[in-house]
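A, B, ... follow the sequence lines: proteins, then strands. Residue 1 opens every chain. Just so it is clear, the structure is predicted and the values come from calculations on it, not from any experiment.
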Protein chains: 2
Amino acid sequence: MTDDSDPQFTGVLQSPPGTALSFERASENATAMLDIEPMKPELTFKKRAYTALKKAITGMDPYSSPEPVWLDERQLSEQLGVSRTPVREAIAMLEHEGFVRSVPRRGIVVVRKSLREIVEAIEAWAALESMAARLAAHHASMVDIRGLRTLFESFGEQHPPAAFVSEYSAANIAFHQRLIELGGSELLVDLTANLLLHVRGIRQLSIGKSERIARSFDEHLGIIDALERRDADLAERLSKEHTLGLAAYVEKHGKELLGDGPVRPGRF
Amino acid sequence: MTDDSDPQFTGVLQSPPGTALSFERASENATAMLDIEPMKPELTFKKRAYTALKKAITGMDPYSSPEPVWLDERQLSEQLGVSRTPVREAIAMLEHEGFVRSVPRRGIVVVRKSLREIVEAIEAWAALESMAARLAAHHASMVDIRGLRTLFESFGEQHPPAAFVSEYSAANIAFHQRLIELGGSELLVDLTANLLLHVRGIRQLSIGKSERIARSFDEHLGIIDALERRDADLAERLSKEHTLGLAAYVEKHGKELLGDGPVRPGRF
DNA sequence: GTTTGGTATCTGGCATGCCAGATTTGGGTC
DNA sequence: GACCCAAATCTGGCATGCCAGATACCAAAC
């Protein structure tokens, strides 16, 4: 099971041991010119299981079904082609991040966020992104800032955002993630990445009102303007108001999208 | 090993199986008045190991020693009185949170944050706390807001904060955590809790300059004032500037406290 | 004395097996 | 037919054992 039965894992075997020998002699003159690269650390089963499960879980929509979604450790390890141990460790991390919850001797549930929790996630996101905007106004290069514009330049009067919702939605998410990256803080990028995943399902839906899209478009351009003028306070404020606007919108209309709680006896 | 050898865990064995029977009959009239509490979910070994390890790791100061601190799975599981499995799962979570890093076939290292990472953590913290302050200005009760004042009321002219550093430092941390709680967002509380832990070591030190303490004291009172006046924008701004001030201070003077990086060949 | 190569040992990664509690099921009773 | 109870079954929690890579140690060669 660990080396030959599963085609998914057989392709990633590491270089033969003999390669290591070259390293010890790297300082000598005869082989010094080889310039061997440091050999990648080889992802563990645990990390690959984590990545695969996270992708699978965030890719589904737990709200589409009225019934909670249950997972099975043994079944997952079979599908992944590894034993339960790395799967369990991956699940432990996902549980810690709030994507699943494991109930002892019952099973593992995919967590359904309540409307309240989603609003909180958007608010936290607003806080972090606006801080990133402030930092970006100070430190980001002009080239990078202008690069934000290119994300939207395919849209215009002949190609209005409101008419190409999914296309605009993708550009929208790319814009926010890029903006946060421009802040130059790895921590802000990491923290917001998970928040975006938690919000994702609802986000696609709530952005899809045409009057909101037009406003969203303008607000993005306003943020870019502020960055180009190096106005940190303005960029921060606009970014925050933009995202808090979404939070308020979701809080007001979210019930229709989610139902009124994470657990519902049935659909009505 | 699981039930009798280690005194640490023998005290937390769960109720005998017969207790469960009482639940099934709780709806009947004879025992309905008993009002049995829902029986605590009994923390798993994994969670207890996680808590214990996190406490131990954040309680130490990895910067006090020039050498990196290594942990040993087997030794830890022996100390905790459980097998390696729950310890491994706990470590996987701590690694994901950035407190330790496990190097395959080498060991587990307690992570030493670089100055850059600590500054980023304070910036993120500033973002989240100022958002909490904004929310608190809107939603927190007047009683709770006034409660913030009581944290500092033992200080005054006869009892100046600058003369009681560790006492003031504790009040300081309590103030910030309580302020975030008043925002009413569980997510903000959770996100900032880990940030505070990452920053903790340096925080104690950098707060210990008397001129900073006096200013810190005034700034706290300013935030409380803004909250009492329900001025969300002001509370948010003051809170953010207060914490960003710390970030700037640490960025400028942190080298003396940390050395110039997480990995140093030796002390010089 | 320095270098080299082999070996004992240590460490985390992973697989596997058992356990207890929770659920399900299937008679059997009233 | 409704209810109750017990055995079969399922599920995650945990302990344990083996493995490969990395290190440390030591002896032999120069």
Results of ring-ring contact (aromatic ring centres under 6.0 Å, His included) for B:Phe175 - residues two or more places apart only: B:Phe152, B:His220
Nearest listed nucleotide, side chain of B:Thr85, among D:dC14, C:dG12, C:dT16: D:dC14
C:dG13 OP1/OP2 closer than 4.0 Å to side-chain N/O of B:Arg88: yes
Whether A:Trp125 and A:His176 hold their rings parallel, tilted or perpendicular, with breakpoints at 30° and 60°: perpendicular
Spacing between B:Glu78 atom CD and C:dG12 atom P, to the nearest angstrom: 13 Å
For atom CZ of A:Arg84 and atom P of D:dG17, their distance in whole Å: 18 Å
Residues which pass side-chain hydrogen bond (donor to acceptor under 3.5 Å, both in side chains) with B:Glu97, listed by chain and number, not counting sequence neighbours: A:His96, B:Tyr50, B:Lys54, B:Asn194
Set of side-chain hydrogen bond (donor to acceptor under 3.5 Å, both in side chains) partners for A:Glu89, sequence neighbours left out: B:Arg88
Whole angstrom value for the distance that separates C1' of D:dG13 from CG of B:Leu80: 16 Å
Between C1' of D:dA24 and CH2 of B:Trp70, the distance in whole Å: 15 Å
Counterpart residues, side chain to side chain contact (heavy atoms under 4.5 Å, CB included), relative to B:Asp72 (two or more places apart): B:Arg74, B:Gln75
Distance, rounded to the nearest Å, where B:Glu95 contributes CD and C:dG12 contributes P: 12 Å
Whole angstrom value for the distance that separates P of C:dC14 from CD of A:Glu89: 7 Å
By salt bridge (Lys or Arg N to Asp or Glu O under 4.0 Å) - contacts of A:Glu120 (at least two apart): A:Arg116
Atom pair distance, as rounded to whole Å: CZ in B:Phe45 and P in C:dA20: 13 Å
Please produce a list of atom pairs where a protein N or O lies less than 3.5 Å from an N or O of nucleotides 8-11 of chain D.
residue	atom	partner	partner atom	Å
D:dT11	OP1	A:Asp72	OD2	3.1
D:dT11	OP2	A:Asp72	OD2	3.3

